[in-house]
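One structure is given here, and the rest of the page talks about it.
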Number of protein chains: 2
Amino acid sequence: MSQTWNQHVVKKENKALVLETIKEKAPISRASIAQVTGLNKGTVSSLVSELMDEKLINESGTGESSGGRRPVMLLLNERAGYTISVDLGVKSILGVLTDLRGNIIYEKRIRFQNDNVDEVLHLLYTLISELKSNAPASEYGIVGIGVGVPGVVTTEGEILLAPNLGWKRVPLRKMLSEHYQVPIIVENEANAGAYGEKVYGAGQFSTELVYASVSVGIGVGLILDGKLYKGLRGFSGELGHMTIEKDGVDCRCGNKGCWELYASEKALIEQAEKNGYHAASVDHIVEAANNGESKAIKLLEQLGDYLGVGITNIIHIFNPEQVVVGNTLQLAEKYIMPAIEKRIEKNAIGFNKNDVQLNVAKLKKHSTVMGMAAFNIEQFFKASGNDVLVRN
Amino acid sequence: MSQTWNQHVVKKENKALVLETIKEKAPISRASIAQVTGLNKGTVSSLVSELMDEKLINESGTGESSGGRRPVMLLLNERAGYTISVDLGVKSILGVLTDLRGNIIYEKRIRFQNDNVDEVLHLLYTLISELKSNAPASEYGIVGIGVGVPGVVTTEGEILLAPNLGWKRVPLRKMLSEHYQVPIIVENEANAGAYGEKVYGAGQFSTELVYASVSVGIGVGLILDGKLYKGLRGFSGELGHMTIEKDGVDCRCGNKGCWELYASEKALIEQAEKNGYHAASVDHIVEAANNGESKAIKLLEQLGDYLGVGITNIIHIFNPEQVVVGNTLQLAEKYIMPAIEKRIEKNAIGFNKNDVQLNVAKLKKHSTVMGMAAFNIEQFFKASGNDVLVRN
DNA sequence: AAAGTTTGTCTAGTCAATAAACAAAGATTA
DNA sequence: TAATCTTTGTTTATTGACTAGACAAACTTT
């Protein structure tokens with residue numbers, strides 16, 4: 001059942017609209033907001049006044065006159081609160097402290113060898129504490145903590161499985177909630193990366209965006225109709241386990257011929273070792289390619305071609321506006337992107353192909369953290385409209 | 001930019017909410033509507049009175065007392081208007097006249113051999129005329145004409161390509177608009193089928209539903225978050241051209257190893273002829289299987305297995321609540337469904353597998369027409385909220 | 001027959017938006 | 001330089017949709 005509508009809702013939505021307009025077009029005057037939104041000048045004045053009382057926006061002196069009284073410009077008060085946003089990766093944890101506009105105030109990466117849940121969580125708590133202590137005094141303090149993880153996460157924030165960490169059934173959101181009295185968001189790393197690229201990166205003008213996170217495995221985040229699509233219980237985007245070779249080799253997931261068996265870091269290293277590279281890593285192979293070793297170049301191009309097979313599928317399935325390739329294999333951009341493009345050019349259906357843009361992640365290693373920041377910020381402003389904020 | 005909110009919008013939305021409640025729970029009293037929606041009794045009375053003036057609902061005598069005054073029951077006036085809904089197939093056109101609840105009032109199928117655009121369109125016009133002349137007198141008359149077509153359709157209703165009809169660039173919506181002065185909807189056959197199953201068929205309680213239309217080729221309709229997902233320009237769901245065999249045979253679409261090369265009617269017939277069946281058809285093969293011919297049974301099971309490969313991909317990609325298999329190959333349900341299930345059981349990831357239900361289309365040959373009816377009806381009620389209705 | 005319940009309407013009041021008037025502060029022009 | 005025009009932002013009166021609560025009608029229960 002849909003919701004019931006009344007003047008309360010109207011006010012809430014209009015206030016959100018004014019705030020959104022200020023966020024997007026700052027610095028902007030009350031008069032311009034009225035013009036842009038179609039709201040009455042008086043209504044805008046009253047809503048702006050409330051937003052100022054809540055310290056969510058600021059006046060920032062007068063702007064240039066356009067033939068009359070000079071306008072008072074309004075800005076988002078991006079220092080009203082801060083987010084703690086974390087990318088919990090396979091070999092390191094990257095944490096950032098951001099303001100409400102997503103500016104990074106402080107950043108720290110901790111590397112680790114031992115995957116043990118307790119040890120990694122201990123590092124995570126330490127990192128969060130350090131970020132927290134670096135937050136300047138502000139009206140709302142830390143408004144949320146978000147963690148992106150390389151695994152299957154339920155809508156309740158439980159990590160069901162993180163294969164490359166060897167984790168099973170870790171109720172991370174619940175655990176963090178017991179430590180910190182702020183909203184906690186736990187999300188899959190590819191979903192977060194997709195949202196990060198949509199809000200702050202390559203996809204700022206796209207509503208239909210697919211983000212392929214290519215690392216040890218492949219995860220995919222889907223932005224459909226401008227929103228993150230999570231499926232029934234949060235398990236969408238397992239395109240790493242899409243069969244592209246129906247009688248292919250067995251994957252540990254139980255399926256056969258999965259995309260990531262041919263087009264991931266793991267696949268690359270396997271092939272490299274078959275071709276005589278010992279203790280190979282992505283770094284080594286890219287370096288070798290940069291030094292002109294044709295064997296290395298061929299390996300990367302082969303990888304790109306396989307990536308292209310899956311991305312062609314994506315283009316046929318979703319008719320997206322943009323496909324963004326991110327995570328560690330972005331390092332090999334120079335070699336894999338032309339190979340992907342070649343495959344798409346050759347194999348994708350014309351109608352769908354003409355609509356799509358292929359890009360690498362603009363935020364590079366920050367796609368996931370910035371996605372988590374975007375989630376935190378979004379939920380904070382949403383809560384602000386529902387009058388459930390806690391001030392310091 | 002989002003929309004501006006005011007009391008007008010509030011009223012429109014609440015009126016729609018009341019109408020929706022009556023549609024879903026009829027017969028229902030004003031008092032119950034107030035309780036269910038949370039609206040005030042007076043508000044409901046006033047909105048109901050307007051809906052009665054518009055002839056969209058009816059009073060239908062009194063209901064049972066529950067210890068006090070007997071309630072006046074309200075019903076949707078399903079005879080306030082009629083839709084003309086058509087499934088333009090490869091060898092026949094199926095047309096239905098429905099009321100506003102989707103009840104079929106009149107039905108007609110015309111078969112054809114010659115794919116020529118002009119000839120088929122002539123038959124289409126004839127069919128529409130016949131349906132129209134069978135519509136009883138009503139307040140709003142024919143409220144919309146919808147046509148589902150087996151091809152790539154733009155959001156503007158132009159058929160870019162219908163490979164199995166041999167059609168290219170037919171601006172069907174524009175052509176129909178010139179003949180008939182009512183809203184026209186042209187949509188891909190699989191998208192319509194998906195919506196039909198969602199609204200009237202197997203998916204009435206699912207919000208995440210994938211409908212695979214398996215016929216000469218394979219088309220897929222996506223219901224995500226309760227709504228039809230069309231991608232950037234309407235070309236989503238081309239899963240028939242998802243590669244499941246990366247070095248597979250060339251498809252006429254330009255790609256390699258496409259799903260429909262292994263799991264469609266065409267694939268079945270090809271295999272059948274290789275196995276000694278001459279001039280084979282789906283009907284023949286199913287009949288042979290029913291007669292216990294193991295060769296035929298094997299062919300159908302093989303087809304089901306290949307369907308299962310693609311459906312497993314779907315389950316991994318979308319984490320759907322339901323996957324529905326429809327169109328002509330539904331005929332072979334008995335043989336293909338167990339094979340699909342077996343493949344899913346063996347290969348799909350547990351988390352995703354546990355969430356999903358596999359079903360055949362409940363509406364059978366009517367999935368597409370009923371989807372078109374649902375589109376027509378939805379757009380009519382939407383227009384009614386915007387005061388743009390034309391009465392007879 | 002009296003008392004209690006439920007339904008649906010009516011009236012007064014509230015709240016948020018709008019339109020229009022107005023004051024403040026600037027630009028333009030004679 | 002003064003008068004006039006523009007633009008901004010606030011204030012005031014009005015409108016419209018919803019809500020709460022009173023009330024009459026119609027029915028059940030005691």
Side-chain angles (χ1 to χ4, degrees), chain A residues 2-19 21-22 25-53 57-75 385-387, chain B residues 2-19 21-22 25 27-53 57-75 385 387:
Chain A
S2 169
Q3 91 177 97
T4 309
W5 298 81
N6 54 33
Q7 3 185 26
H8 233 96
V9 179
V10 168
K11 183 169 178 182
K12 191 179 107 184
E13 296 288 342
N14 281 334
K15 199 164 158 184
L17 178 61
V18 168
L19 184 58
T21 308
I22 294 172
K25 318 221 161 164
I28 187 172
S29 69
R30 291 170 176 78
S32 301
I33 295 173
Q35 221 203 331
V36 168
T37 60
L39 290 167
N40 183 278
K41 285 193 295 173
T43 307
V44 171
S45 268
S46 133
L47 294 174
V48 160
S49 144
E50 286 188 27
L51 288 169
M52 298 231 305
D53 287 348
I57 60 174
N58 280 332
E59 287 186 346
S60 74
T62 52
E64 281 304 295
S65 162
S66 62
R69 173 173 164 181
R70 289 162 66 188
V72 177
M73 303 314 264
L74 300 168
L75 294 177
N386 294 327
D387 297 326
Chain B
S2 169
Q3 78 167 298
T4 308
W5 300 81
N6 55 33
Q7 16 188 13
H8 248 98
V9 179
V10 169
K11 182 169 178 182
K12 191 178 107 184
E13 296 288 343
N14 281 335
K15 198 164 158 184
L17 178 62
V18 168
L19 184 57
T21 307
I22 294 172
K25 319 220 161 165
I28 187 173
S29 69
R30 291 169 176 78
S32 299
I33 295 173
Q35 221 203 330
V36 168
T37 60
L39 289 168
N40 183 278
K41 285 194 293 173
T43 307
V44 171
S45 269
S46 133
L47 294 174
V48 160
S49 143
E50 286 188 27
L51 289 169
M52 297 231 305
D53 287 348
I57 60 173
N58 280 331
E59 288 185 345
S60 73
T62 52
E64 282 304 294
S65 162
S66 62
R69 174 174 163 179
R70 288 163 66 188
V72 177
M73 304 314 264
L74 301 168
L75 293 177
D387 297 325

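Model, not experiment: these values are computed from the prediction. We name chains A, B, ... by the order of the sequence lines, and we start the count at 1 in each one.
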#### Entry: Spacing of B:Leu74 atom CG relative to C:dG8 atom C1', expressed in whole Å
11 Å
### Residue pair A:Val18 / A:Thr21, side-chain heavy-atom distance below 4.5 Å
no
Which atom pairs, donor and acceptor, lie under 3.5 Å between side-chain atoms of residues 64-75 of chain B and protein residues at least two apart or in another chain?
unit_1, atom_1, unit_2, atom_2, d
B:Ser65, OG, B:Gly67, N, 3.0
B:Ser65, OG, B:Gly68, N, 3.0
B:Ser65, OG, B:Gly68, O, 2.6
B:Arg70, NE, B:Gly63, O, 3.2
B:Arg70, NH2, B:Thr62, OG1, 3.1

### Query
So do A:Lys15 and A:Leu51 actually touch side chain to side chain, heavy atoms under 4.5 Å?
yes
### Query
A:Thr43: what forms a side-chain hydrogen bond (donor to acceptor under 3.5 Å, both in side chains) with it, not counting sequence neighbours?
none
### Task
Kindly write out the residues that satisfy side-chain hydrogen bond (donor to acceptor under 3.5 Å, both in side chains) with A:Ser32, not counting sequence neighbours, or none if the list is empty.
A:Ser29
### Task
Tell me, please, which residues at least two apart from A:Glu59 pass salt bridge (Lys or Arg N to Asp or Glu O under 4.0 Å).
A:Arg30
## Note on the structure
side chain to side chain contact (heavy atoms under 4.5 Å, CB included) filter on B:Asn6, not counting sequence neighbours, yields B:His8, B:Val9
### Query
Mind checking what makes side chain to side chain contact (heavy atoms under 4.5 Å, CB included) contact with B:Ala16, not counting sequence neighbours?
none
### Task
Check the distance between C:dT18's P and A:Gln7's CD and give it to me in whole angstrom.
13 Å
### Query
According to the salt bridge (charged side-chain N to carboxylate O under 4.0 Å, His left out) rule, which pairs have a member within residues 32-46 of chain B, sequence neighbours left out?
none
### Query
How long is the line joining CG of B:Asn40 and P of C:dT7, in whole Å?
14 Å
### Query
What is the distance, rounded to the nearest whole Å, between atom CG of B:Asn6 and atom P of C:dC15?
19 Å
### Task
In whole angstrom, give the distance that lies between atom NZ of A:Lys12 and atom P of C:dA17.
14 Å
### Task
Give the rounded distance in Å between these two atoms: CD of B:Glu59 and C1' of C:dG8.
10 Å
### Task
Quick one, give me the B/S/- string for nucleotides 25-30 of chain C, reading 5' to 3', where B means a protein heavy atom under 4.0 Å from the base and S means that only happens at the primed atoms, P, OP1 or OP2.
BBS---
### Query
By a strict heavy-atom criterion of less than 4.0 Å, which residues belonging to residues 41-52 of chain A are in contact with DNA chain C?
A:Thr43
#### Entry: With A:Lys11 via salt bridge (Lys or Arg N to Asp or Glu O under 4.0 Å) - residues at least two apart
A:Glu50
### Message
Could you tell me the boundaries of the chain B footprint on DNA chain D, defined by atoms under 4.0 Å from its heavy atoms?
### Response
D:dT15 to D:dT28
### Message
Going by side chain to side chain contact (heavy atoms under 4.5 Å, CB included), name the residues that satisfy it together with B:Asp53, two or more places apart in sequence or in a different chain.
### Response
B:Ser49
